[in-house]
Amino acid sequence: MTEPSQVLIVGAGPVGLVTGIELLRRGVPVRVVDRSERPNPHSKAIALWPRGIEALARFGAADELHRRGVVLRAQNYHSQGRRVARLAFGGMRRTRYPYALSIPQQETEAVLRDVFQDLGGVIEFGTSLTGFSQDGEGVRAELETGSARRTTERFGWLVGCDGAHSTVRGGLGVPFRGSSYPQQFLLTDGPVRTSLAHDEVHYFMSGAGILVVVGLPGGSYRTFVSAAPDLRVDDATQAVQQAASERCPVPIELVGEQRTGVFRVHRKVVDRMRVGRVLLAGDAAHIHSPAGGQGLNTGIEDAASLAWRLAGVRAGRYRDEVLDRWESERLGVARAVVGDTDWQTRMWTMNGWRARARDAVLGVGGRSGVLNRVVVPRQAQLSLAYPGPRERVGRLRTGMRLPDVPLDAGRWLRDELDSTEPLLLFFPGVGKHRRDVGDLVEHHRKKHVGIRVTAPADTGERAHRLLGLVRPCAVLVRPDGAVVALRDPFGDEFELDQSVRELTGVAAEARWVG
Ligand SMILES: Cc1cc2nc3c(=O)[nH]c(=O)nc-3n(C[C@H](O)[C@H](O)[C@H](O)COP(=O)(O)OP(=O)(O)OC[C@H]3O[C@@H](n4cnc5c(N)ncnc54)[C@H](O)[C@@H]3O)c2cc1C
């Protein structure tokens, strides 16, 4: 059943599924086990941000997610009975998804399971990882199905996508450092009678606690409140209703059947995401407050940026240091996300002069457009850039995500990323600077194996303008969509080749690009 070079993925949550899909797309055999007997029935994460949607769109899941979800267009902050700031998502630029998609997590997981199974993947529900050991050649995993069947099997690699209480993290002895918030949090999902816009997020901040109201598919709402640590919750719906009525200046009435949850919130990050042949991704590596809806989105990117490297290392194309690069990049992102969500969570429940200062800052930020320009793209993870040597041409910078701009015939630039390979784009430039790049494309196609070389069709030069490109430019992009090199295509060919070799792992000296 198992071949020794197979990758074992522990956990069939969203992060395990994306890891499995991205590995299968690259021809890597995987086994996915989950200790639950059946798929997760809970709606936990409801916000998919543009970068997360883009990652899932790469394997064709976007249409189905949109069919099951509902678009959220703005985020409102209220305090002392009035709105202090409004963040409009529509101002997000260079993405075809300038909004958040509200979709319950069990729906997102169902879409991912379908993609995974269409690729031939099998999810082994009811199978737990109970222990493992590793050596230089692989990982020996102990798997238990029910209480009757225990096996020890050998794999090439193990990816722990097994959530906040990760067995894999425990087995590695990697500490999960951080702390917990004192409050408890309560949520209900269901029909609500209210005048609050259904396609927006509403935060009501007060010294008593936070109230968050968000539209869900089918016309219902998520209503989410914080509560005192010692509040005894016998009836979560009634407790949410009471807090909502106290904190919301407009009538809000939970009507009909509600799905409820009561939980605590933590902020914790590992200091290793890789130990030898064992990797940690998603909640197994970082957990934080649900403020801003970041956990699932961050985990999806962990998976997407891991899989192409792991596939390359396994195939012997990349040196395995590229996995250390993955670890340092993703730890940087995880720490930033934990910091941002912590700041937001503290902001929710400020009192006295702190609350007045917060409201003043939000008011100025909202009116001046700073929140729209800075906070929204950060929350959407669009402005997140990986560290490394900085090069800039027009609006393109190395380390950033490849922006998405319209091309000819209804195509978009990031459609070019649909393949599983790195991408080398040749932009011919505009006006008097424009040069024919056709021969260059042919030349580099022949020269570079395992890389997609193309010139985006942009006859109206609109994409050039949106990217700020005037002169011809060669843009090298990783399979996870990060820009790694910007070159003059008619300049030093050796330099361009060197960047390609570094990315495809052939170079003796790989830089940060891996
Ligand atoms: C109320 C709430 C609201 C949230 N809202 C948002 C939001 O709007 N946006 C957002 O991005 N994030 C949000 N999150 C966070 C999001 O739910 C998580 O980040 C996400 O579920 C992490 O996915 P994962 O695959 O890493 O882990 P999980 O979803 O926890 O999946 C882990 C899987 O591993 C399995 N497993 C565990 N141990 C073993 C073992 N030993 N052997 C085999 N299988 C095992 C489990 O059964 C489980 O299926 C929210 C969370 C909560 C609780």
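As the structure is a computational prediction, the values presented were derived from the model and not from experiment. Order of listing sets the numbers, starting from 1, for every ligand and every atom in it.
Nearest to atom 19 (O) of ligand 1 among the protein's heavy atoms is Asp283 OD1, 2.7 Å. Residue, atom and distance of the protein heavy atom nearest to atom 37 (C) of ligand 1 are Asp162 O, 3.2 Å. Looking only at heavy atoms of the protein, atom 10 (C) of ligand 1 is closest to Leu296 N, 3.2 Å. Taking atom 16 (C) of ligand 1 as the reference point, the nearest protein heavy-atom neighbour is Gln105 OE1, 3.6 Å. With hydrogens left out, the protein atom closest to atom 47 (O) of ligand 1 is Asp34 OD1, 2.7 Å, a heavy atom. For atom 24 (P) of ligand 1, the nearest non-hydrogen atom of the protein is Val15 CG2, 3.7 Å. Scanning the protein for heavy atoms near atom 13 (C) of ligand 1, the closest one is Ala45 CB, 3.1 Å.
Taking any N or O of Ser128, backbone or side chain, none lies under 3.5 Å from an N or O belonging to ligand 1. Geometrically, ligand 1 and Glu109 share no nitrogen or oxygen pair separated by less than 3.5 Å. For ligand 1, none of its N or O atoms has an N or O atom of Arg222 under 3.5 Å away. An N or O contact shorter than 3.5 Å is missing between Pro290 and ligand 1 by distance. The N/O atoms of Ala284, backbone and side chain alike, include none that comes under 3.5 Å of an N/O atom in ligand 1. Some N or O of Leu129 is nearer than 3.5 Å to an N or O of ligand 1, by distance alone. The distance criterion of under 3.5 Å between nitrogen or oxygen atoms is met by Ala47 with respect to ligand 1. Between Ile46 and ligand 1, a contact under 3.5 Å exists for at least one N or O pair.
Comparing heavy-atom distances from atom 29 (O) of ligand 1 across Arg35, Lys44, Glu144 singles out Lys44 as nearest. Between atom 30 (O) of ligand 1 and the options Gly163, Gly299, Gly295, the minimum heavy-atom separation is to Gly163. Comparing heavy-atom distances from atom 23 (O) of ligand 1 across Ser43, Gly13, Pro14, Gly11 singles out Pro14 as nearest.
Taking every heavy atom of Val10 and a limit of under 4.0 angstrom, the matching atoms of ligand 1 come to 40 (C), 42 (N), 43 (C), 44 (N). Atoms of ligand 1 found under 4.0 Å from any heavy atom of Gln294, numbered from 1 in the order shown, are 9 (N), 10 (C), 11 (O). Atom numbering of ligand 1 starts at 1 in the shown order; those under 4.0 Å from a heavy atom of Leu187 are 1 (C). Heavy-atom proximity to Thr127, at under 4.0 Å, picks out these atoms of ligand 1: 43 (C). Residue-ligand proximity, Asn297 to ligand 1, at heavy-atom distances under 4.0 Å covers atoms 9 (N), 10 (C), 11 (O). Taking every non-hydrogen atom of Cys161 and a distance limit under 4.0 Å, the qualifying atoms of ligand 1 come out as 32 (C), 33 (C), 34 (O). Close contacts between ligand 1 and Thr167 involve ligand atoms 40 (C), 41 (N) [criterion: under 4.0 Å to a heavy atom]. Of all atoms in ligand 1, numbered sequentially from 1 with element shown, those under 4.0 Å from a heavy atom of Gly282 are 26 (O).
Considering all non-hydrogen atoms of both residues, Asp135 and Arg277 come closest at O-CD, 3.7 Å. Residues Ala244 and Ile252 approach most closely at O-CG2, 3.8 Å, considering heavy atoms.
In the model, Gln258 has no side-chain atom that pairs as donor or acceptor with a side-chain atom of Thr260 under 3.5 Å. Glu200 and Asn76 are linked by a side-chain donor-acceptor pair at a separation below 3.5 angstrom, with hydrogens and angles left out of the test. Between Gln241 and Thr237, the side chains place no donor N or O within less than 3.5 Å of an acceptor N or O (distance only, hydrogens not considered). For Asp302 and His286, the side-chain atoms include at least one donor-acceptor pair closer than 3.5 Å. Judged purely by distance below 3.5 Å, without hydrogens or angles, the side chains of Tyr386 and Arg330 pair a donor atom with an acceptor atom. Side-chain N/O atoms of Gln6 and Glu153 include no donor and acceptor closer than 3.5 Å.
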Step-by-step side chain to side chain contact (heavy atoms under 4.5 Å, CB included) determination, Gln242 to Arg247: CA-CA 9 Å; Gln242 186 176 339; Arg247 296 171 197 175; over 6 Å; no
Stepwise ring pair (Phe, Tyr, Trp, His ring centres under 6.0 Å) check, Trp49 with Tyr99: CA-CA 7 Å; Trp49 290 100; Tyr99 45 78; 10.0 Å; no
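Both tests pass for Arg169 against the ring of Phe176: distance under 6.0 Å to the centre and angle within 45° of the axis. By the 6.0 Å and 45° rule, Arg267 stacks over the aromatic ring of Tyr181.
A salt bridge between Asp320 and Arg274 is present, with a side-chain N of the basic residue lying under 4.0 Å from a carboxylate O of the acidic one. A salt bridge is absent between Glu54 and Arg94; no separation between the charged side-chain nitrogens and carboxylate oxygens falls under 4.0 Å.
The aromatic rings of Trp348 and Phe224 stand perpendicular to each other, their planes meeting at an angle above 60°, with 30° marking the opposite boundary.
Partner of Ser43 under the side-chain hydrogen bond (donor to acceptor under 3.5 Å, both in side chains) criterion, out of Arg259, Arg222, Gln105: Arg222 alone.
In Trp49, neither the side chain nor the backbone holds a heavy atom less than 4.0 Å from any atom of ligand 1.
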